[in-house]
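Let me begin by presenting the structure, written as C-alpha cells, before commenting on it.
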Amino acid sequence: MKLFLLFLCAIFLIADEISAQTYSFLVKNLNEKKALEYAHIQLGNSHFGAVTDINGYANFTLPGNQKDSIIYVSHIGYGKVSIDLRHLETSKVNEVFLQVSDLEIAEFSIVDLDLSPYEFYSR
C-alpha cells in the first residue's frame with residue numbers, strides 16, 4: 001500500500017513538471033532599444049515572477065497548475081505591459097518593449113521633528 005501511494009505521488013509530481021513551461025524574456029526600452037535591467041515579470045496577480053538580469057534577460061517557469069493567462073512586465077519609470085500567454089513562445093526569447101512613463105508621486109510634506117533617526121525610532 002505504501003509503495004502504491006509513493007507511486008501515485010511520483011506520478012503527480014512528474015505530471016506537474018511536464019505541464020510546467022519555461023519562457024525566456026528580453027526586456028528593452030522602446031525608444032532606445034536598450035536592455036532594461038531589473039524589470040519585473042509577473043504571472044497575473046500571483047506571487048510567481050522573475051526579475052531581469054543586467055542584460056535584460058530573464059527565464060520564467062510557470063507552474064503547471066497556474067490559472068492566470070496574463071503576464072505583466074513592468075519597471076519603475078516605464079508603463080506596464082500585459083501579454084497573453086498564447087502570444088508567447090517557449091522555443092525562443094520573447095522580446096518585450098516598455099515605454100518611458102511619467103512617475104507621479106502624491107503630494108507630501110517634509111517636517112523637521114528635531115530628532116535624530118535613532119531618537120525617532122526609539123520612540
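Counting from 1, the numbers follow the sequence of the chain as shown.
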Distance from Leu113 atom CG to Glu119 atom CD, nearest 0.5 Å? 10.5 Å
Between CD of Gln42 and CZ of Phe60, what distance do you get to the nearest 0.5 Å? 8.0 Å
Leu88 versus Ile83: any side-chain heavy-atom pair under 4.5 Å? yes
Is there side-chain contact between Thr61 and Tyr23, with heavy atoms separated by less than 4.5 Å? no
Does any part of the side chain of Lys33, heavy atoms only, come nearer than 4.5 Å to the side chain of Phe97, both counted from C-beta? yes
I'd like to check Leu62 versus Leu85 (side-chain heavy atoms, cut-off strictly below 4.5 Å). Are they in contact? yes
Do any side-chain atoms of residues 24-31 form donor-acceptor pairs under 3.5 angstrom with protein atoms, and if so which ones, sequence neighbours left out?
residue, atom, partner, partner atom, Å
Ser24, OG, Asn59, OD1, 2.7
Lys28, NZ, Glu95, OE2, 3.0
Asn29, OD1, Asn31, N, 2.7
Asn29, OD1, Glu32, N, 3.1
Asn29, ND2, Tyr78, OH, 3.1

What heavy-atom pair brings Ile41 and Ala58 nearest, and what distance separates the two atoms? CD1-CB, 3.8 Å
Can you tell if the side chain of Glu89 reaches within under 4.5 Å of the side chain of Asn94, non-hydrogen atoms only? yes
Any chance OH of Tyr57 has more than 12 other-residue heavy atoms, nucleotides or ligands included, within less than 6.0 Å? no
Same apolar cluster (I L V M F W Y, side chains within < 4.5 Å links), Val81/Val100: yes
More than 12 heavy atoms of other groups within 6.0 Å of Ile54 CD1: no
Report yes or no: does Thr90 contribute a side-chain atom to a donor-acceptor pair with the main-chain N or O of Gln21 at less than 3.5 Å? no
For His87, does its backbone N or O pair with a side-chain atom of Asp84 as donor and acceptor, under 3.5 Å? no
Are Tyr38 and Leu36 side-chain neighbours, meaning at least one heavy-atom pair lies under 4.5 Å? no
